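Single-structure report; data block below.
Remember, it's a predicted structure, so these values are computed and weren't measured experimentally. Throughout, protein chains are lettered first and strands after them, A, B, ... in sequence-line order, and every chain is numbered starting at 1.
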There are 2 protein chains.
Amino acid sequence: MRQSRRLWAADLRTGTELTTATITDVAREAGVSIKTVSRVLNREPNVREETREAVLAASRALNYRPNLSARSLAGSRSFLIGLFFDNPSPAYVSDVQRGAVSRCRESGYHLTIEPVAADAVDLEGVVEQAVSTLRLDGVILTPPICDDPRVLSVLESVGASYVRIAPDREKGRAAWVGMDDRAAAQAMTDHLLDLGHVDIGFVKGHPDHGASRLRQEGFLQALAERGIAPRDDRIVQGWFSFRSGFEAGERLLAGADRPTAIFASNDDMALGVMASATRRRIAVPEDLSVAGFDDTPAARTVWPQLTTIGQPILEMAAVAADLLITGEARDFPAGHPPGRVFDFCLTVRDSTTRPSR
Amino acid sequence: MRQSRRLWAADLRTGTELTTATITDVAREAGVSIKTVSRVLNREPNVREETREAVLAASRALNYRPNLSARSLAGSRSFLIGLFFDNPSPAYVSDVQRGAVSRCRESGYHLTIEPVAADAVDLEGVVEQAVSTLRLDGVILTPPICDDPRVLSVLESVGASYVRIAPDREKGRAAWVGMDDRAAAQAMTDHLLDLGHVDIGFVKGHPDHGASRLRQEGFLQALAERGIAPRDDRIVQGWFSFRSGFEAGERLLAGADRPTAIFASNDDMALGVMASATRRRIAVPEDLSVAGFDDTPAARTVWPQLTTIGQPILEMAAVAADLLITGEARDFPAGHPPGRVFDFCLTVRDSTTRPSR
DNA sequence: CCGGAAGTTGACAGCGTTGTCACCGCCGCC
DNA sequence: GGCGGCGGTGACAACGCTGTCAACTTCCGG
């Protein structure tokens with residue numbers, strides 16, 4: 001009745017000795033071979049119900065934990081999924097992580113993270129190193145690196161399957177999940193138009209992000225459908241940052257000829273616009289409606305609370321992990337990867353109302 | 001000249017065939033045994049310089065990547081560090097992740113994350129499962145779960161070494177890194193006193209967080225050292241949330257008898273106070289100075305920008321990872337674990353100024 | 001010039017699991 | 001009634017690396 005015994009350095013301190021059950025111990029306990037234990041644990045077919053239960057009982061009795069390293073070395077799966085991200089927004093990344101982990105946990109997978117700078121010189125090296133040494137079963141990519149051709153090439157050259165979240169280009173290249181930014185921006189603009197606004201300012205996003213273009217298109221389309229001609233001086237460039245939003249606000253709100261509403265391409269810039277309005281003693285929403293995009297926590301942490309567009313990020317990330325775990329992200333007809341568009345959520349809060357004039 | 005060849009499912013699509021070099025390939029290429037290659041790669045002593053270089057050259061030539069699973073299975077290290085966190089603040093967690101990963105990368109370690117809910121029924125199970133199956137070399141714990149006795153017990157019972165970030169209790173139990181919350185709160189209060197404020201409101205933090213108590217103590221001590229008696233009605237309970245800060249502001253700012261400055265125990269609550277002031281047309285900082293704590297991104301994303309206390313979170317997390325990687329977190333004299341206090345940073349921005357009356 | 005210590009290297013046995021293949025018995029079919 | 005097939009099981013060889021130990025070299029001091 002020998003069991004694998006291991007002595008940890010920490011035990012030398014406490015004097016406790018630990019036992020870590022291996023698959024061999026479980027097999028002995030259940031009176032079967034290790035291969036049969038393996039079959040049960042991997043839910044393989046062709047195991048008698050009676051045998052399965054005996055194994056499961058033995059496994060529970062010994063508090064058996066499979067050794068991922070051994071599984072990975074012997075088998076073809078590592079049970080590890082990598083999440084690569086630049087750091088656009090902590091709140092966004094946090095949601096992606098929680099969504100992905102929740103799906104991973106269901107299948108005994110774990111998530112490793114690799115924060116990287118999109119402009120890092122050795123981006124490819126970091127990616128390749130992580131994927132190769134960890135033998136990742138799959139990789140999840142967030143914007144903006146999900147559109148970095150170098151990263152995609154590296155992943156493909158080492159044969160890793162990956163899912164892109166909200167990619168902008170080459171959607172036929174690999175699996176992805178995303179949202180319809182154009183439709184969302186159009187919906188928000190419609191909301192402002194419905195309130196009675198006709199003179200609406202727009203703050204563009206960072207030109208490198210694909211979403212910026214789509215959001216602007218949605219804005220313009222909404223105007224077009226109501227027969228409103230966009231005024232060039234109502235559309236100003238921003239960079240997704242609070243400061244750029246503040247500056248855009250300063251520009252749009254200078255003078256008496258100002259819009260009655262401003263739609264910023266993300267929440268941080270919307271907050272910047274609100275700050276600019278506050279500075280100029282323009283009351284939000286009474287004298288100016290402000291709308292954002294993303295529904296970051298800050299949108300609720302500000303007064304008045306921001307009307308914005310929410311994305312089901314947790315769900316998107318969970319589906320991304322799912323595509324990897326099920327293998328759908330790997331096996332698909334060339335040029336036709338699985339992709340899924342999620343619904344956005346227009347959240348009307350206190351920063352938008354009918355125009356006062 | 002055979003090399004290990006592996007065919008990936010993805011290659012069936014592209015027709016490419018991949019070669020993954022193993023330590024055996026490197027050994028053959030360099031004309032030495034695999035053990036010698038292993039020695040070089042692990043920086044073990046007693047290898048001739050000439051041999052070392054030959055191995056390194058061969059390794060580079062074949063673009064060799066060690067297989068972590070194999071290393072972990074054969075050796076005693078998994079090169080994996082786990083980060084367990086509840087989700088108090090995405091910005092905080094994001095900094096912890098970046099700090100820890102930066103140190104990990106230096107030593108070929110990787111970080112796995114386990115977001116958990118502090119009140120999850122099976123918290124212990126999740127922790128135990130992750131540590132056991134992944135064979136984590138170490139674990140990093142953030143508040144509030146770094147103070148959860150169940151988690152600490154599980155980690156100790158499976159013999160995992162861990163480092164706590166900003167623990168509140170039982171600091172003699174395991175390695176930790178932290179900051180002096182009391183001194184920081186005192187410094188912030190001194191800043192307000194130095195500006196000339198004598199009537200300062202204080203918003204307490206969540207009673208379950210140890211930091212709340214320390215911050216209040218620092219506030220009171222600063223007053224005491226100037227001989228100022230604290231007024232009970234100037235100290236109100238908060239819960240670290242924006243809303244609770246807003247409500248605290250409403251309470252403190254009602255009526256003409258109001259403080260000239262308010263120090264909130266964290267940034268979210270300070271923002272709530274600012275929102276309340278804005279609603280009541282009390283100008284910040286002209287008519288009311290507001291100070292926060294934590295230096296979250298929102299502190300800069302608001303107008304006026306918030307005076308607050310910053311913590312070197314990246315550095316703290318990096319040191320936490322370092323303690324794990326070097327083994328200092330594991331081997332220490334009983335009752336005397338390594339611990340380190342980091343300097344805080346008082347960041348004066350626009351939300352505080354001299355009192356107008 | 002010799003004995004021993006220190007430096008340098010390799011053979012080999014695992015580490016805990018999965019993949020392959022063989023085996024045994026039972027069923028249904030001609 | 002023999003035979004092919006399949007459900008159920010186990011023996012055994014990997015997987016790629018590290019730990020152990022032994023062997024061989026080199027370098028000293030006496």
*Which atom names give the shortest non-hydrogen contact between Arg173(B) and Pro337(B), and what distance separates them?*
N-CG, 4.3 Å
_In whole Å, I'd like the distance from the CG atom of Leu134(B) to the P atom of dT17(C)._
14 Å
*Lys35(B) has a side chain; which of dA11(C), dT9(D), dC17(D) sits nearest to it?*
dA11(C)
_Qualifying residues under side chain to side chain donor-acceptor pair (under 3.5 Å), relative to Thr326(B), sequence neighbours excluded_ = Glu328(B)
*Heavy atoms under 4.0 Å, any strand shown: does Pro66(B) hit a base, just sugar-phosphate, or nothing?*
sugar-phosphate
*Are any side-chain N or O atoms of Asp25(A) and backbone N or O atoms of Thr22(A), one a donor and one an acceptor, separated by less than 3.5 Å?*
yes
*Hey, can you pull the residues of residues 68-76 of chain B with a non-hydrogen atom under 4.0 angstrom from DNA chain D?*
Ala70(B), Arg71(B), Ala74(B), Gly75(B)
*How far apart are the closest heavy atoms of Ala321(A) and Ile81(A), and which atoms are they?*
O-CD1, 4.2 Å
_Ionic contact status for Asp322(A) with Arg103(A), cut-off 4.0 Å_ = yes
*Can you figure out which of dG10(C), dC17(D), dT8(C) approaches the side chain of Thr36(B) most closely?*
dG10(C)
*Starting from C1' on dT8(C), measure out to CD on Glu49(B) and report it in whole angstrom.*
14 Å
*Any N or O donor-acceptor pair linking the side chain of Arg39(B) to the base of dG10(C) at under 3.5 Å?*
yes
_OP1 or OP2 of dT17(C) versus the side-chain N and O atoms of Ser38(A): is any pair under 4.0 Å?_
no
*What's the CZ-C1' distance between Arg52(A) and dG7(D), to the nearest Å?*
13 Å
*For Arg77(A) and dT17(C), give me the distance from atom CZ to atom P, rounded to whole Å.*
14 Å
_Between Arg98(A) and Ser102(A), is there a side-chain donor-acceptor contact under 3.5 Å, judged purely by atom types and distance?_
no
*Could you give the CG-to-C1' distance, from Asn67(A) to dG16(D), as a whole number of Å?*
14 Å
*Looking only at side-chain atoms of Ser33(A), point me to the closest of dG10(D), dT17(C), dG8(D).*
dG10(D)
*Ile23(A) CD1 - dG10(D) P separation (whole Å)*: 12 Å
_At less than 4.0 Å, is any side-chain N or O atom of Asn42(A) found next to OP1 or OP2 of dT18(C)? Yes or no._
yes
*Round to the nearest Å and state the distance from Phe79(B) atom CZ to dG16(D) atom P.*
17 Å
*Output yes when at least one side-chain N/O atom of Arg48(B) is less than 4.0 Å from OP1 or OP2 of dT9(C), else no.*
yes
*For the pair Asn42(B) (side chain) and Glu44(B) (backbone), establish whether a donor and an acceptor sit closer than 3.5 Å, ignoring hydrogens and angles.*
no
*d(CG, Leu41(A); P, dT17(C)) in whole Å*: 9 Å
